[in-house]
2 protein chains.
Amino acid sequence: MSKSLKPEETEPSGAEFLPGLAVDTVIFGFHDNQLKILLLEYRNTGLLALPGGFIKNTENLNDAARRVLAERTGLQDIYLEQFHVFGDLTRHDPTPLRAIMQAKGLQPDDDHWLLGRFVSVGYYALVDFTKAIPIPDELSDSCGWYDLAALPPLMQDHTDIVRKALATLQADLDRKLIGFNLLSETFTMADLQCLYETILGQTLHRSGFQRKILGLGIVERLEKQYSGGAHKAPYLYRFISNK
Amino acid sequence: MSKSLKPEETEPSGAEFLPGLAVDTVIFGFHDNQLKILLLEYRNTGLLALPGGFIKNTENLNDAARRVLAERTGLQDIYLEQFHVFGDLTRHDPTPLRAIMQAKGLQPDDDHWLLGRFVSVGYYALVDFTKAIPIPDELSDSCGWYDLAALPPLMQDHTDIVRKALATLQADLDRKLIGFNLLSETFTMADLQCLYETILGQTLHRSGFQRKILGLGIVERLEKQYSGGAHKAPYLYRFISNK
DNA sequence: TATTATTGTAACAATTTGATACAATAATAA
DNA sequence: TTATTATTGTATCAAATTGTTACAATAATA
């Protein structure tokens with residue numbers, strides 16, 4: 001849980017936010033045939049966390065998640081979906097957050113609003129890796145992409161959150177045709193198949209995959225992509241939004 | 001939003017609960033070939049609402065939903081699932097709740113904790129209609145089953161909540177094999193097919209349906225059910241939990 | 001110009017699903 | 001007792017989908 005804290009927001013009240021409620025976002029990207037997620041790192045503590053934030057009193061819950069996403073990636077109009085609410089008592093662990101605040105030179109009281117119990121609404125986002133620009137928040141000193149396949153330990157219950165986000169993404173992939181959000185605007189059939197295989201964690205038959213995708217009528221074929229190697233050049237495709 | 005209010009909980013603080021956070025439950029039942037949901041009705045106001053409640057400071061979020069479900073139906077160990085969080089500003093409308101409290105002889109201040117903005121976590125439950133005993137809460141005077149197909153207007157955004165719950169149930173039905181939770185322990189193939197058709201809102205082919213269900217290996221065939229009319233008696237089946 | 005690896009698609013098999021048909025059979029009525 | 005009736009369980013075949021293999025058509029390189 002790493003939250004945006006402007007100076008005036010570090011006061012104990014947190015009065016401009018809904019109390020005890022947070023959003024955490026699992027931001028997926030795809031690069032070098034690997035699924036990645038965006039993580040924040042805190043100086044001196046070595047702690048890694050999902051981008052998160054609080055909900056303003058004057059803000060819709062979903063808009064808070066969009067704001068967090070925009071603040072960490074610079075991106076608007078991104079595929080973003082609620083997937084689960086994490087509300088167990090066991091997730092309350094003020095130790096790492098206190099360490100982060102102390103590393104920042106703060107000396108929070110035990111009843112500081114940031115150290116209390118939080119219920120967190122989990123969102124996952126699918127972004128074009130080439131367009132997102134990772135931006136740290138006020139408490140963290142770096143923000144970057146990490147391979148999902150080799151994820152380091154995360155703060156609090158964030159590993160559970162990531163696991164649940166991936167499970168939801170896997171279940172949603174065919175039902176909602178959302179994979180395209182992870183690719184740049186044009187892509188080859190091999191790119192798309194690799195994406196599907198990586199998300200689902202299984203190999204797919206090339207012929208059947210191509211037949212299925214083309215049969216859905218949701219991509220249009222563009223020019224060929226040359227300079228791909230000593231072989232026939234693949235076509236590029238573009239996703240056609242169903243509107 | 002109808003919440004359990006014991007006398008000492010009507011005090012303005014609501015201090016034993018997480019502030020600004022609620023759960024609302026869409027409790028599905030199936031009877032007379034109709035999908036039903038459980039609703040609370042408030043005296044003098046004519047308002048109908050989903051069963052809901054608050055999360056104790058010492059309680060897991062999911063346990064709060066289980067508690068609400070148990071308090072309204074008397075049932076434990078019920079299929080219960082989070083499906084969406086409702087957090088828009090537009091859902092904040094203190095008028096109906098004030099009317100309910102006034103009908104109860106209360107005169108709440110404008111800043112009474114019950115009249116503030118709430119983010120609500122939506123759950124849906126699937127119960128055996130024959131086993132649930134609807135029990136009103138402290139603010140309501142009746143609790144009963146209503147046909148989903150002819151739902152009267154509900155308080156606040158509860159109609160949206162019901163619509164989203166149904167959409168989730170429809171999407172989950174085949175993927176998770178959860179329909180059995182709505183039937184009594186034994187049922188005929190016709191019962192099960194009618195349930196599926198009612199939830200999905202479409203007719204299914206009898207032969208294919210039977211073949212599919214039997215092919216899944218998740219039901220065991222019991223004795224025949226006689227006295228069903230002037231025709232061949234159907235078998236009864238029982239769901240085999242996959243453990 | 002030959003070689004190489006990959007692509008697009010055809011072709012066929014295997015499987016699943018859709019639709020129809022029909023014998024079996026409980027309850028009711030004749 | 002016997003015929004009638006509606007429903008059930010399953011078989012059968014057609015249609016659609018999916019799994020698998022095969023192969024000609026290339027771009028780049030040697």
Side-chain angles (χ1 to χ4, degrees), chain A residues 30 32-33 170-171 173-177 179-180 183-240, chain B residues 30 32-33 170-171 173-177 179-180 183-240:
Chain A
F30 188 67
D32 283 342
N33 295 346
Q170 289 172 337
L173 187 60
D174 281 301
R175 216 152 36 81
K176 296 182 182 168
L177 298 173
F180 305 98
L183 298 174
S184 46
E185 189 170 346
T186 64
F187 47 87
T188 66
M189 200 54 75
D191 292 335
L192 187 59
Q193 184 177 345
C194 179
L195 172 65
Y196 268 67
E197 290 180 341
T198 305
I199 293 176
L200 299 175
Q202 61 179 9
T203 60
L204 303 171
H205 289 278
R206 187 176 62 88
S207 176
F209 183 79
Q210 171 134 340
R211 182 174 50 194
K212 196 188 85 177
I213 297 294
L214 293 181
L216 291 172
I218 53 168
V219 292
E220 65 173 330
R221 180 174 285 178
L222 308 172
E223 74 279 9
K224 288 188 170 189
Q225 181 190 60
Y226 293 94
S227 293
H231 50 74
K232 190 174 177 180
Y235 287 102
L236 287 173
Y237 294 89
R238 172 165 40 212
F239 177 63
I240 307 168
Chain B
F30 187 67
D32 284 341
N33 296 346
Q170 288 172 337
L173 188 60
D174 280 301
R175 217 151 37 82
K176 296 184 182 167
L177 297 172
F180 304 98
L183 298 175
S184 45
E185 189 171 344
T186 64
F187 48 86
T188 67
M189 200 56 74
D191 292 336
L192 187 60
Q193 184 178 345
C194 178
L195 172 65
Y196 268 67
E197 290 180 341
T198 305
I199 292 176
L200 299 175
Q202 61 178 9
T203 60
L204 303 170
H205 289 279
R206 187 176 63 87
S207 175
F209 182 80
Q210 171 133 342
R211 181 174 50 192
K212 195 187 83 176
I213 297 293
L214 293 181
L216 291 172
I218 52 167
V219 292
E220 66 174 329
R221 181 174 283 179
L222 308 172
E223 74 279 10
K224 287 188 169 190
Q225 181 189 61
Y226 293 95
S227 293
H231 51 73
K232 189 174 178 179
Y235 287 103
L236 287 173
Y237 295 88
R238 173 167 40 210
F239 176 64
I240 307 169

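Chain A is the first sequence line, chain B the second, and so forth, proteins listed ahead of strands; every chain is numbered from 1.
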Chemist: For B/A233 and B/Q225, which heavy atoms make the closest approach, and how far apart are they?
Modeler: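 Heavy-atom minimum between the residues: CB-O, 3.2 Å.
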
Chemist: Tell me every residue that passes salt bridge (charged side-chain N to carboxylate O under 4.0 Å, His left out) with B/E220, counting only those two or more places apart in sequence or in another chain.
Modeler: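 With sequence neighbours excluded, B/E220 shows a salt bridge (charged side-chain N to carboxylate O under 4.0 Å, His left out) to B/R238, given in chain and number order.
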
Chemist: Which sits closer to the 5' end of DNA chain C, A/A230 or B/G228, going by the nucleotide each is nearest to?
Modeler: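 Whichever sits nearer the 5' end wins; that is A/A230.
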
Chemist: Mind listing the closest non-hydrogen atom pair of B/L183 and B/F30 along with its distance?
Modeler: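 The answer is CD2-CD2, 4.0 Å.
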
Chemist: Determine the minimum heavy-atom distance between A/I240 and A/G217, stating which atoms define it.
Modeler: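 Looking at all heavy atoms of both residues, the closest pair is CD1-O, 4.3 Å.
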
Chemist: Would B/D191 and B/Y237 satisfy side-chain contact (heavy atoms from CB on, under 4.5 Å), going step by step from the backbone distance to the final call?
Modeler: CA-CA 10 Å; B/D191 292 336; B/Y237 295 88; over 6 Å; no

Chemist: Determine, step by step, whether A/N33 and A/E197 satisfy the side-chain contact (heavy atoms from CB on, under 4.5 Å) criterion, reporting the C-alpha distance in whole Å, the side-chain angles of both residues, the deciding distance to 0.1 Å, and the verdict.
Modeler: CA-CA 10 Å; A/N33 295 346; A/E197 290 180 341; over 6 Å; no

Chemist: For B/K232, check salt bridge (charged side-chain N to carboxylate O under 4.0 Å, His left out) against everything at least two apart and list the hits.
Modeler: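 Per chain and number, B/K232 pairs via salt bridge (charged side-chain N to carboxylate O under 4.0 Å, His left out) with no residue.
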
Chemist: So which pairs with a foot in residues 184-211 of chain A pass ring pair (Phe, Tyr, Trp, His ring centres under 6.0 Å), sequence neighbours left out?
Modeler: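 Found A/F180-A/F187, A/Y196-A/F209.
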
Chemist: Between A/L195 and A/G179, what is the shortest heavy-atom contact and its length?
Modeler: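 Answer, listing the atom of A/L195 first, then A/G179: CD2-O, 3.3 Å.
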
Chemist: Of all nucleotides in DNA chain D with an atom under 4.0 Å from a non-hydrogen atom of chain B, which is the first and which the last going 5' to 3'?
Modeler: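 Range of nucleotides within reach of chain B: D/dT5 to D/dT12.
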
Chemist: Under a 3.5 Å cut-off on both pairing distances, which runs of 3 or more consecutive Watson-Crick or G-U pairs involve DNA chain D?
Modeler: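 Consecutive-pair runs (3 or more) involving DNA chain D: C:1-30 with D:1-30.
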
Chemist: So which one's nearest nucleotide on DNA chain D is more toward 5', A/G229 or B/P234?
Modeler: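 Mapping each residue to its closest nucleotide by heavy atoms, the 5'-most match is B/P234.
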
Chemist: Using a 4.5 Å cut-off on heavy atoms from C-beta on, say whether the side chain of A/K212 contacts that of A/L204.
Modeler: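 The answer is no, as the side chains (C-beta and beyond) never meet within the 4.5 Å cut-off.
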
Chemist: What residues in residues 189-213 of chain A put a non-hydrogen atom under 4.0 Å from any atom of DNA chain C?
Modeler: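 Heavy-atom contacts with DNA chain C come from A/A190, A/R206, A/S207, A/Q210, A/R211.
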
